[in-house]
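These notes are about the structure you will find just below.
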Amino acid sequence: MFLLIKFTLLYAVVLMLVALGGMFSERSGVINIALEGIMAIGGLAGVFVLALCGDSLPSGVLVAVSILASAVAGILYSLLLGFSAITLKADQTIGGTALNMLATAVAIVAVKAFNNSSAAGNGAASAKLSYSNKAFIYKIGPLTINIFLIIGIIILIVSYVFLFKTKWGLRLRACGEHPQAADSVGINVYQWRYTGVMISGALGGIGGFAYIVPSVTTWNFEVGVAGAGFLALAVMIFGQWKPFNIAGAAVFFAVFRSLANIADSTVLANLGLSKNIYSMMPFIASMIILAFTSKNSQAPKAEGIPYDKGAR
Amino acid sequence: GCGSSSEENTTADNNQTAAPAATEAAAEESTEAAAPAVSADGKIAMITDSGDITDESFNQITWETCVAYGDKNGIEYQYYKPAEDTDEERINAIDLAVADGATVIVMPGYLFGPAIAEEQDLYPDVSFIAVDVTEADIVDLSGNAVGISDNVYICSFQEEQAGYLAGYAAVKDGYTSLGFLGGIAVPAVIRYGYGYIQGINDAAEEMGVDVDVKYYYGGQFYGSDAITARMEGWYQDGTQVVFACGGGIYTSAVEAAEQYDGKVIGVDVDQRPKIGDLCITSAMKGLGSAVNSALDAYFGGNWASIGGKSEQLGLAQGDYLGLPTDTDSWGFTTFTVDEYNTVLDGLKDGSITVSNDTENQPEVGSHVTVDYVE
Amino acid sequence: MSEKTKDVLLSIFASLLCIVIGLLVGLIILYCINAENALDGFSRIIKGGFYLKPKGIGSEIAQATPLIMTGLSVAFAFKTGLFNIGAAGQYTLGVFGALYFALILQMPWYVCLLAAMVCGAIWGAVPGIFKAYFNVNEVITSIMFNWIGLYLVNELMYSTVSGMYDQKTTRTYKLSSAAPQSLIPDCGMSAVFKTSSTTIAIFIAMAIAIIMYVVLNKTTFGYELKACGFNKDAAKYAGINEKRNIVLSMTISGALAGIGAGLYYLSGASEWNPQVSTALPAIGFNGIPVALLALSNPIGVVFAAIFVAHISVGGAYLPTKYYQPEIADLIVAVIIYLCAFVMLFKSVVVSKLSRKKAKKEDVK
Amino acid sequence: MYMENEYVIEMLNITKEFPGIKANDNITLQLRKGEIHALLGENGAGKSTLMSILFGLYQPTSGTIKKNGQVVQINTPNDANDLNIGMVHQHFKLVECFSVLDNIILGVEPSKGLFLEKDGARKKVLELSERYGLKVEPDALISDITVGMQQRVEILKMLYRDNEVLIFDEPTAVLTPQEIEELMKIMKNLAHEGKSILFITHKLNEIMEVADRCTILRKGKYIGTVDIADTTKEELSKMMVGRNVSFTVDKDEKKPGDTVLEVSHLTVASRSHENNAVRDVSFQVRRGEIVCIAGIDGNGQTELVQGLTGLEKIGGGSVKFLGQDITNTTIRERSKHGMSHIPEDRHKHGLVLDYTLEQNLVLQRYWQPQFERAGFIKSGEVRRYAQKLIEQYDVRSGQGPVTIVRSMSGGNQQKAIIAREIDKDPELLVAVQPTRGLDVGAIEYIHKQLVAQRDKGKAVLLVSLELDEVMDVSDRILVMYEGEIVGELDPKKVTVEELGLYMAGAKRDEVAKKA
Ligand SMILES: Nc1ncnc2c1ncn2[C@@H]1O[C@H](COP(=O)(O)OP(=O)(O)OP(=O)(O)O)[C@@H](O)[C@H]1O
Ligand SMILES: Nc1ncnc2c1ncn2[C@@H]1O[C@H](COP(=O)(O)OP(=O)(O)OP(=O)(O)O)[C@@H](O)[C@H]1O
Ligand SMILES: [Mg+2]
Ligand SMILES: [Mg+2]
């Protein structure tokens, strides 16, 4: 049971962080299908920091620096989406898809080049990085939690406050709902859309790092983040672009994801369901729920439509 | 701990020291002896089957052996990765290697069977060394069995014997709740696993204790969050030791073991130096030394001694399999090296037999329950 | 020159521009990693399958075939206003259909191909139904059904249906030995390319591309589908059943991806490995850049797919001593990223041209 | 007044080019403090463009802007705001899912520390609304309030920002005569308080009523500025189009025949607003008459037409067409039976903008044997047919039949639709706002076509928001208010004012409902 709670929390925080990122991007009007790739790049940067200066820094500093690195890398990578979707007004879904494919290739080549330079250099380095995650993990009684749980809760609350209690939130949302209206009252739509995309980059990057670090100490970048980014997109839609709903949806998805991995050590082992079945379930569940809720979807009205100041 | 880079520790030299003592010594000797005869005008090519040379398993061990051999003797080497996981691309990779001037091609993995069948006669001047490949694997693309030609040497190992030893020793040492975490269910992995269960069974019957085993293939040769989670579940559920048998997948078992004071059994080479004390032993096979001696035969002008041969290397043939017995690597508390040697002898002289059937799950007695997790 | 040919030339120019930039980036990457061998590596990529004649050409053909189909799948959806990111899932289902009919039912190849098509079609239809009747965006549904499909197929092949998965090779049984009647005939092509799996599949794919071109441009059915794609409200106004058409578009799109799987696996080149469960077939996703590169023109898809197969194969011939094989993936990915801008390149060129024209007219 | 020659705003020699068109060509406009200055011109004359430049949405290609005699740069709406210039746009710029208050404060949000502080804003808004008679509910969502209230929100947005120069772009197009009356009062009130107002409208009466001066544009060029006191409606319209315009339509007495369309107790649900749905509507349309549905935008006309034409599901009641019950038949069936439909939104429904002109001209008929054989389109036949229509209806475009429709001007797009729908030779022509946004010449032409249909003995159901059109073209007027028909009127007997009362729901005729 503790294990189920542990893994549910672990995955839920990841999904929530990334889904919140997606929410910011979409609330500003940009569909961010590149979350999967952003996660991979953010995770890569964070892990690089851990692998490079894992021993030389005090753990508090290490945690801060590595998380910062993942956020910054996520932001930088998300700027590629911003550039294509906002500045060049290209199709957002297509740009995002391209970035997803690019991310894995970049991560593999980068890790291999890194391993090559530090190892024998015979061209045979692996796409794996090893690191220590001790600084991120805490034990409370029988329950193991990681630092991202705390960060996640803080970010959840901050997201809510930012979006609904500050003027920036109001402006960001206006850009996703009616960019012409925002523009006409002097709000710089391009700037806010970049802001939205960059926040999603930061949260996606941290989310990718949070996905990789607490559970393992070696990561093979050939798999990217194994579909977690797409799952987060589903969580975001499921959560109807609202922070607390997203948190709830993340927990729901996380329960199934955990079960897929640990069902054989719980009472559910008697059901004899295979991992594949558990893996399928959150997707099927969200499809069913989407079918019932989509009629009154809360999706930002202007999402996916490039804003062209000159257009009428 | 395991936080250190895996690269340094998995070098070929480590392989060699990790290989069973007798074989290793033999390999060393022959290298030394044949050294003057080694002609450097060959070129080694190694081709991976479906994985990467960084799988921390057969591909990597083979590659590192080739690298060490090449560096030592000043021979050029390169590896090739087929564009796709298909026989055709493996064939293309052989063509490419030959086109690049390779004179001896090393191929680890039973998947090379059809490629060898198709290519062996096309390049009579090129020598092929295939490990983990059996005669049954050498079929042409339509599935008809083909004999091997003189320019081909294939060998495979009786991993079930190493697995047997590991399982037997673990139960003898007092463990009653065990796990098997395989990588991809390739025949070698299955043989390890099924041997492991047979060893567990024999020890449990002997001692009359009840033992339960969880048995699972992760489907990958690397650790990941999902596998770690599963292992945490096992350890938390009472599993005491897990035989992590699939390249880098051991990292997940180790992660989980560290949190729950569990133990791990390594595979292929002695993994205790890499993993640390929670690795109680490793089921080893002499893959590196087999490759090494085959290369020696080729470059030493003795190809004829192995060409056209298909060898199934087991304890009857030499010390190709076993557990590490150095005091540094001996992680058992009650089980002794003497007891180990007794079983080892039994396997060598055939008084103990281990089935190598990979199609059917091994039969177990009333003391053992195996939970095959899907 | 008529407007239409001008437009076609402009499209081709934009696509070529994107390819050239992508390749240049690739060359720069090669230089950064190992300057000495960059040119040699680059020439291997450019030569593609021709570096290893004739087998390399054979494998280029083998890889291009399913790519044409997934490219057509995505392009067809694009033409009808939908983004089918689910080709990977439909392809996966297609694999199951083809192999089930081949290995279990021992059917001739065309029946198996049909089965692959139907399975893909079903997996495409579902997002279509969700879009038409529940107003759920097809992108998100397709993504979800990709994963559902992958887990489902793996579950079916690995444990539910016995007789498909070969324990010994850890993948499905080889068709050449277990179901030779299900292999697509090669009509002597294998001999030409010294391969075993170069079959007429490539011609089937090309024929389908031509059929798709005709259907989209010459028939009332294509007229309706495209009308729905451009403006579904106007289509509805014109009495076209736009919901049915959305479902139909996605169904056909899925069927095309399914056929792609059938053509590939029924050629006997490869077997499905249900244990590698974390990855969707890349061929499904690579259909997207192929379609983009071709600006969704079915004939263009054929060339784009061959091009992508060409540099992928070439990438595999990179000397591993200096370069990781993934460099090829990286270059393809860069080209894909640039593909998102093909339309943009095109409109930039158009506006440059029209500005020039306007200036000329001003002068007059 | 001592500031007689002091201008608040001067736009001097403004030129604005769009690709292929000079929307403003050397235009000069001077606005005095405290005056209401009207801006008049045909569609596409460049009025909105000029105002957008003043508001910082567009940058002029050349020319200067002065505020109080100082040259200023207005690069963004922010700059305009800083100069106290505000604008109510032709199409409201309100975020639908935000509250009224949020829309008003957007861009100038009062904050305390990091957080929004709305209480002060709410007080200020209520004060302003009290002072200028602009009734709003600060916490209602925009999507839930009427168009009239939305406009008040737009005005409050400007007042909240303490703007001195107020631009109104066609503010009256969507209002009832009574609401227009009210707005005129508010504008005078504002001008009296010292605000300077720029006012765009197509309605000469309004200019005559409130404006002090009027600047006229034609095809992007400056024609002149006149004092309203010294001019007449006729003079203004002549300056605007360059010729005398007849404001009336010539037509004979109507000779109604059999009933073509019979609607009884029709109910249609609405997608967006509960109160816009059609509720229990009954009426008939006969051969040889033009029946007009009048009403303010958003009172159920759209849904009514969508129900009749099959675009929307009918909730209750029945529709009989040529004696047959078509309540639940498909759009295609209705079309086959002889119903034509000129849709309200030509871009949304009427045209596939990315198709060529010829493809659009067969949009309703491509499946007929004339154009189809064995599933294939007879492209030669389509070309011939398109050429015929283009010639007959004088549809102008760059490349004839193969022009992509998106590149055609709005007027010609509309003509293409009208050609297509009329050439179907329908029994019933449903025309929704067929002249929306068109210039006078085009309007004249379309009205002639409608009357010609009627004279051929066809039935015409016209839906229009333009009172002039309603009065001129129709033979019978049905007024819709909040989804119901509240009056059946004879255009020859009713006055515009009375019609306005019906439209505003102030007057209703119970007899009409039972018809
Ligand atoms: N963003 C734009 N891009 C291209 N052309 C434009 C753009 N905005 C306006 N135009 C063109 O400039 C001309 C003037 O348009 P404008 O909207 O100013 O007219 P208007 O006088 O306001 O007309 P209306 O009475 O219909 O509102 C038109 O021909 C229009 O097509
Ligand atoms: N979005 C656009 N894309 C391309 N061209 C445009 C666009 N908008 C306007 N134009 C061009 O501007 C010219 C005038 O268009 P505009 O729409 O103002 O015409 P209009 O007769 O005033 O009709 P409307 O009632 O739609 O305003 C047309 O020739 C058209 O080609
Ligand atoms: Mg206009
Ligand atoms: Mg205007």
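Chain A is the first sequence line, chain B the second, and so forth, proteins listed ahead of strands; every chain is numbered from 1. Nothing here was measured: the structure is a model prediction, and the numbers come from that model.
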Item checked: Contacting region of A:Ile237 [heavy-atom separation from chain C under 4.5 Å] ->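 Side chain of A:Ile237 only, per the 4.5 Å heavy-atom cut-off to chain C.
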Checklist line | chain C contact via A:Ile33 - side chain, backbone, both or neither, heavy atoms under 4.5 Å | finding: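 Just the side chain, heavy atoms under 4.5 Å.
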Note to self: For A:Tyr11, does the six-membered ring have the charged nitrogen or CZ of A:Arg257 within the cation-pi criterion, i.e. under 6.0 angstrom from the centroid and within 45° of the normal?
What the structure shows: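 Yes, A:Arg257 lies over the aromatic ring of A:Tyr11.
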Answer with side chain, backbone, both or neither: which region of [X] has an atom nearer than 4.5 Å to a non-hydrogen atom of chain A?
| X | value |
| --- | --- |
| C:Ile29 | neither |
| C:Ile143 | side chain |
| C:Phe285 | both |

Note to self: Nearest 0.5 angstrom please: C:Lys232 NZ to C:Glu242 CD, how far?
What the structure shows: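 Taking NZ in C:Lys232 and CD in C:Glu242, the distance rounds to 6.5 Å.
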Item checked: Side-chain donor/acceptor of C:Thr92 to backbone N/O of C:Leu150, under 3.5 Å ->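 Not at all, since once roles are kept as given, no pair shorter than 3.5 Å links the two residues.
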Notebook entry, point to check: Under 3.5 Å, is there a donor-acceptor pair between the side chain of A:Glu36 and the main chain of A:Gly229?
Noted result: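 Answer holds: yes.
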Check: When the aromatic ring centroids of A:Phe283 and A:Phe256 are compared, is their separation below 6.0 Å?
Finding: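 Ring centroids of A:Phe283 and A:Phe256 are no less than 6.0 Å from each other.
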